[in-house]
Amino acid sequence: MRQFHFFSLMIVTTFLMGSSFAVIKFGLPYASPLLLAALRFVSAGIFMALIVLMLKRPHPRTWKQWLHISFIGALQTAGVMGCIFLSLRTITASESSILTFSNPLLVIIVGTLCFQQRYAITQWIGVLFGFIGVFFTMGATLQLEVGIWIGFCGAIFWAFATHLTKRWGATLDVWVLSAYQMLVGGVLLLVASFLLEEPFLIVNASSIAIIAWLSVMSSIVQFALWFYLLQQGEPGKTSSFLFLAPLFGVISGAILLNDPLSSTLYIGGVCIIVGIYLVNRTFSSTQLRFLKKLFGKTTA
């Protein structure tokens, strides 16, 4: 894939991810968190499943492939999105997004510890820059609430889902994977809604519009692009672009929710750009030796 094409699709994907936090905040007065998440993904999953059936996209032929899709759905949709929606009950959209999009750091940590991946020192430095950038983007504050731990669990689920999608996704059609993992995750969220909360739903023009946007743009389009991009690149490098999502989240929050823009946003934006550059840049042996002297031995 050409770099411009890859970067363009990544910008669209991370914008949809980041802006969804503000849209979710709009939706919480109309529905309980897990029910809102369930409606988002069940409707998106059904709609997309009908499309892949009509287009006769290649479906899994073995129970093992269906199991892979279901497991990814349990992690990526039910786990990640369930934690996001629950965390937003006690913490702000900004705090939830900084936890969720610590994902690139966790992808490299999980890849090293669990999937025998090896990363260069420049990638570790880049991820740390990106994480610092996200922290500054959110105003350099983070309160220790229950929602903090819930949001962090979502980031862990996403890190594992990222590696498993890369490992299993090569044998699956990206549209089929997107459709059925959303449907499985949505059903699990629906069950969780009736077990873990008192579900409620207010049906009006606003709630329908919010669910429609979350289902189509922030689910179908976002997940299809994300799984496609994961299959095109290495998980650590691809995930580094997720640091852009909180930046878009803050900007969309300022536009939609009138959230103030702090001076730390600009510092955070620069750190995020530097972090993405370091994770994706291929350095010469001379440059690497210089970095080793500064930061110690490489992990690669």
Side-chain angles (χ1 to χ4, degrees), residues 13-29 31-38 40-41 72-110 127-128 130-163 185-186 188-189 192-193 195-197 214 218-219 222-223 226 239-253 256-257 259 264-265 268 272 275:
T13 306
T14 51
F15 169 77
L16 290 173
M17 289 179 179
S19 61
S20 67
F21 285 85
V23 179
I24 291 170
K25 272 291 189 182
F26 274 121
L28 288 178
S32 54
L34 291 177
L35 181 58
L36 179 60
R40 168 185 176 179
F41 290 108
I72 290 172
L75 289 173
Q76 182 75 61
T77 296
V80 178
M81 297 302 164
C83 287
I84 289 174
F85 279 71
L86 285 174
S87 70
L88 286 171
R89 293 191 303 180
T90 56
I91 62 177
T92 66
S94 295
E95 289 172 327
S96 181
S97 62
I98 186 177
L99 292 164
T100 301
F101 295 110
S102 64
N103 170 269
L105 176 60
L106 293 174
V107 164
I108 287 186
I109 293 173
V110 169
V127 166
L128 290 175
F131 187 73
I132 292 170
V134 171
F135 184 68
F136 273 103
T137 298
M138 297 304 136
T141 58
L142 198 63
Q143 300 296 322
L144 290 178
E145 304 284 348
V146 173
I148 295 294
W149 303 109
I150 296 175
F152 188 68
C153 285
I156 295 174
F157 286 141
W158 197 350
F160 277 97
T162 297
H163 283 285
L188 291 175
L189 286 168
S193 174
L195 293 177
L196 302 176
E197 67 181 7
L214 291 173
S218 295
S219 298
Q222 172 190 306
F223 273 105
W226 174 244
S239 295
S240 70
F241 286 90
L242 292 179
F243 285 133
L244 288 171
L247 193 61
F248 288 130
V250 171
I251 294 172
S252 61
L256 298 176
L257 302 174
D259 291 341
T264 54
L265 172 66
I272 288 170

Q: Taking all non-hydrogen atoms of both residues, which atom of Thr77 and which atom of Phe223 are closest, and how far apart?
A: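 It is OG1-CZ, 4.1 Å.
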Q: Please report the interatomic distance CG(Leu189) to CG(Leu86), rounded to the nearest 0.5 Å.
A: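 The distance works out to 9.0 Å.
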Q: Please name the pair of heavy atoms, one in Leu36 and one in Ala31, separated by the smallest distance, quoted to 0.1 Å.
A: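 Nearest pair, atom of Leu36 first, then Ala31: CB-CB, 3.9 Å.
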Q: Spell out, as yes or no, whether a donor-acceptor pair under 3.5 Å connects the side chain of Ser87 to the backbone of Cys83.
A: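 Checked: pair present.
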Q: Above 12 or not: heavy atoms from other molecules or residues under 6.0 Å from CZ of Phe248?
A: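 Count over threshold, so yes.
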Q: To the nearest 0.5 Å, how far apart are CG in Leu244 and CZ in Phe15?
A: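 Here the interatomic distance stands at 12.5 Å.
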Q: If I compare all heavy atoms of Pro33 with all of Leu28, which pair ends up nearest, and what's the gap?
A: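 Taking every non-hydrogen atom into account, CA-CD2, 4.0 Å.
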Q: What distance separates Phe85 CZ from Ile24 CD1, expressed to the nearest 0.5 Å?
A: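 So the gap between those two atoms works out to 3.5 Å.
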Q: With side chain to side chain contact (heavy atoms under 4.5 Å, CB included) as the test, would you mind laying out the steps for Gln76 and Phe157 before giving the verdict?
A: CA-CA 7 Å; Gln76 182 75 61; Phe157 286 141; over 6 Å; no
Q: Enter the distance from Thr162:OG1 to Ile108:CD1 here, rounded to the nearest 0.5 Å.
A: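 Thr162 OG1 to Ile108 CD1: 11.5 Å, rounded to 0.5 Å.
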Q: Checking Ser219 side chain against Leu214 main chain: does a donor-acceptor pair fall under 3.5 Å?
A: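 Such a contact is found between Ser219 side chain and Leu214 backbone.
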Q: Atom CG in Leu188, atom CE in Met81: separation rounded to 0.5 Å?
A: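 Nearest 0.5 Å value for the CG-CE distance: 14.0 Å.
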Q: Using only atom types and a distance under 3.5 Å, with no angle test, would you say the side chain of Glu197 pairs donor to acceptor with the backbone of Leu35?
A: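 Answer holds: yes.
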Q: Before you tell me yes or no, could you show the steps for Gln222 and Ser218 under side chain to side chain donor-acceptor pair (under 3.5 Å), namely the whole-Å CA-CA distance, both residues' side-chain angles and the distance that decides it to 0.1 Å?
A: CA-CA 5 Å; Gln222 172 190 306; Ser218 295; 4.8 Å; no
Q: For Thr14, check side-chain hydrogen bond (donor to acceptor under 3.5 Å, both in side chains) against everything at least two apart and list the hits.
A: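 Expected list: none.
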Q: Taking only residues two or more places apart in sequence or in another chain, which ones pass side-chain hydrogen bond (donor to acceptor under 3.5 Å, both in side chains) with Thr13?
A: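 For Thr13 there are no side-chain hydrogen bond (donor to acceptor under 3.5 Å, both in side chains) partners, ignoring immediate neighbours.
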Q: Spell out, as yes or no, whether a donor-acceptor pair under 3.5 Å connects the side chain of His163 to the backbone of Val110.
A: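 No, because the side chain of His163 does not come within donor-acceptor range (under 3.5 Å) of the backbone of Val110.
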